[in-house]
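First the proteins, then the strands, lettered A, B, ... as listed; each starts at 1.
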There are 2 protein chains.
Amino acid sequence: MDEAEFLASYDPRAYPPVAVTVDVVAFTIRQDELTVLLVRRACPPSEGMWALPGGFVREWEDLPTAAARELAEETGVATAHRRLHLEQLGTYGAPDRDPRMRVVSVAYLAFAPHLPDPVPGSDARVAAWTPVGEATDSTYGLAFDHATILADGLERARSKLEYTPLATKFVGEEFTVAELRAVYEIVWGEPLHAGNFHRKVLSVPGFVESTGGVTERGGARGGPRAKLYRAGDARLLHPALLMPSREETVR
Amino acid sequence: MDEAEFLASYDPRAYPPVAVTVDVVAFTIRQDELTVLLVRRACPPSEGMWALPGGFVREWEDLPTAAARELAEETGVATAHRRLHLEQLGTYGAPDRDPRMRVVSVAYLAFAPHLPDPVPGSDARVAAWTPVGEATDSTYGLAFDHATILADGLERARSKLEYTPLATKFVGEEFTVAELRAVYEIVWGEPLHAGNFHRKVLSVPGFVESTGGVTERGGARGGPRAKLYRAGDARLLHPALLMPSREETVR
DNA sequence: AAAATAGTGTCTTTAAGACACTATCCG
DNA sequence: CGGATAGTGTCTTAAAGACACTATTTT
């Protein structure tokens, strides 16, 4: 029996119930750390454990809309938050990933600069921005398969920094090259050469464009004022900015 | 109401019915053309139109297992076909993508060398390997949103050739550099420089390894026998083989 | 004044691409 | 033999990385 036949003879009681949910891996940078939004589960199973925010997809709701709504419910960020980047990460549907029933979850990845502290929702859930170093620790005990989803999201974010202008989604509308470099260093977890990075960023067509302005003040511990840039119109970076440590990590 | 609360109070009749299906974009190369497996729909809606093979996910079945099963049902290829590559492409869940009910479809991408002619299933469906040039023609009229899924699959395949050893999945266990080059030329749709390609492939660590053997005969129209290689152990290609035309296509 | 930072210059090494060339094999 | 193909050599250019250096600003 194929899809067509099955659906032609569709009867809600004739097949096993499946729930479709969205889970959101929302990253933001706070205090020079990459953090992910987690919520504390208020009911079984895994009551009291941390989990990714997520929930049931509503009847007439598109998948990305559902993801944006779930994020908004936790953070109070308007769904149409101007600088929010949302992309599909993958779908997780192992039959036993939720002990109660078959749940297929479509995971989304969200990036935004300086997202606010979670707003306690009307249902008074606890949500918190958690450093990814803690959240990916195997002893942290995320609920369900959320540790896998988070790991996949982190890997996606790291590699998207290489060949897309994703880093500009983590900084404000106007930013300095040093701020952009900080994003790379924080997400990749290793220091970059300031001079070479500077030249490289400016040499990639469409990555950033100058606003003409400079910062009000120099660096916190000294140094000249930095020129300001905004995101350019490139969708892909050519040539790409490759992670330094890729060489040996690769095989 | 969040996911946890919803599921805690789960009752199959309390929420709108959703079906979860898998659709498979299966690529193989036949007669120097990239082809995709399509089936002709035997019942409404879109009766008689071509569509990607796919179907309902069974109760205790994992998502990739469901995709492999759907492919096997059309091609007769054993699910454990030794050289079949299967990866998740994305999930398509627009509320109106199927007129009958809410259907969320998880699309998979499959690659294999020389897949056989489709075996008419027990239900006598018609299936055929169709050149992607025809299938992606906007007048070809694929059912549902399958034109979008196919386009996404093609784009994924093209870019995966760049930085992964995916091309080795389209050729036999042992292959020549020229055969590998043909894969790139067919999928990318443009000729490559034979000499530079040869040197490049051999210079990427872990891409291919020599078997020590050579072909029985030279090229069909002359030329020396070619050395034989098998896939190496690299998961990523460093440095990558970038598409020639990327330069201006990018922004 | 001291220290830190923004930004540039330059050199070395690696990789990509263009082109040429030889050796081998088919018909 | 003529033509096509496998594989290599070499040169030019682009890009990555290491290092040095100047100018500017903060404390």
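Here the P atom of nucleotide C:dA6 and the CZ atom of A:R181 are 6 Å apart, to the nearest Å. Atom CG in B:N196 sits about 12 Å away from atom C1' in D:dC11, given to the nearest Å. Between the CZ atom of A:R199 and the P atom of D:dA20 there is a distance of 14 Å, rounded to whole Å. The nearest whole Å value for the distance from the CG atom in A:L202 to the C1' atom in C:dA6 is 11 Å.
Here the side chain of A:P239 is nearest to one of C:dC19, D:dA16, D:dA6, namely D:dA16. The B:A226 side chain lies nearest to D:dG7 when the options are C:dG27, D:dG7, C:dG9. Across D:dT26, C:dT24, D:dA23, the shortest atom-to-atom separation from the side chain of A:P224 is found for D:dA23. Distance from the side chain of B:K227 is smallest to D:dG7 among C:dA16, D:dG7, C:dA6.
In summary, the side chains of B:D23 and B:Y92 do not present any donor paired with an acceptor at a separation below 3.5 Å, with no hydrogens or angles considered.
Checking A:L89, A:L63, A:L52 one by one against A:Y108, the side chain to side chain contact (heavy atoms under 4.5 Å, CB included) holds for a single residue, A:L63.
Aromatic ring pairs are classed by plane angle as parallel below 30°, tilted from 30° to 60° and perpendicular above 60°; the pair B:Y140 and B:W50 is parallel.
A residue-by-residue look at B:G222 and B:A240 shows that B:A240 has its nearest nucleotide of DNA chain C further toward the 5' end. Where A:H193 and A:R221 each meet DNA chain D at their nearest nucleotide, the meeting point lying more 5' is that of A:H193. Comparing A:E216 and A:G195 by the nucleotide of DNA chain D that holds the closest heavy atom to each, the one mapping nearer the 5' end is A:G195.
OP1 or OP2 of C:dG7 sits under 4.0 Å from a side-chain N or O of A:H198. At C:dA4, none of the side-chain N or O atoms of A:R217 fall inside 4.0 Å of OP1 or OP2 (strictly under the cut-off).
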Between B:T91 and A:T91, is a side chain to side chain donor-acceptor pair (under 3.5 Å) present by the stated rule, with each step listed?
CA-CA 7 Å; B:T91 297; A:T91 297; 2.4 Å; yes
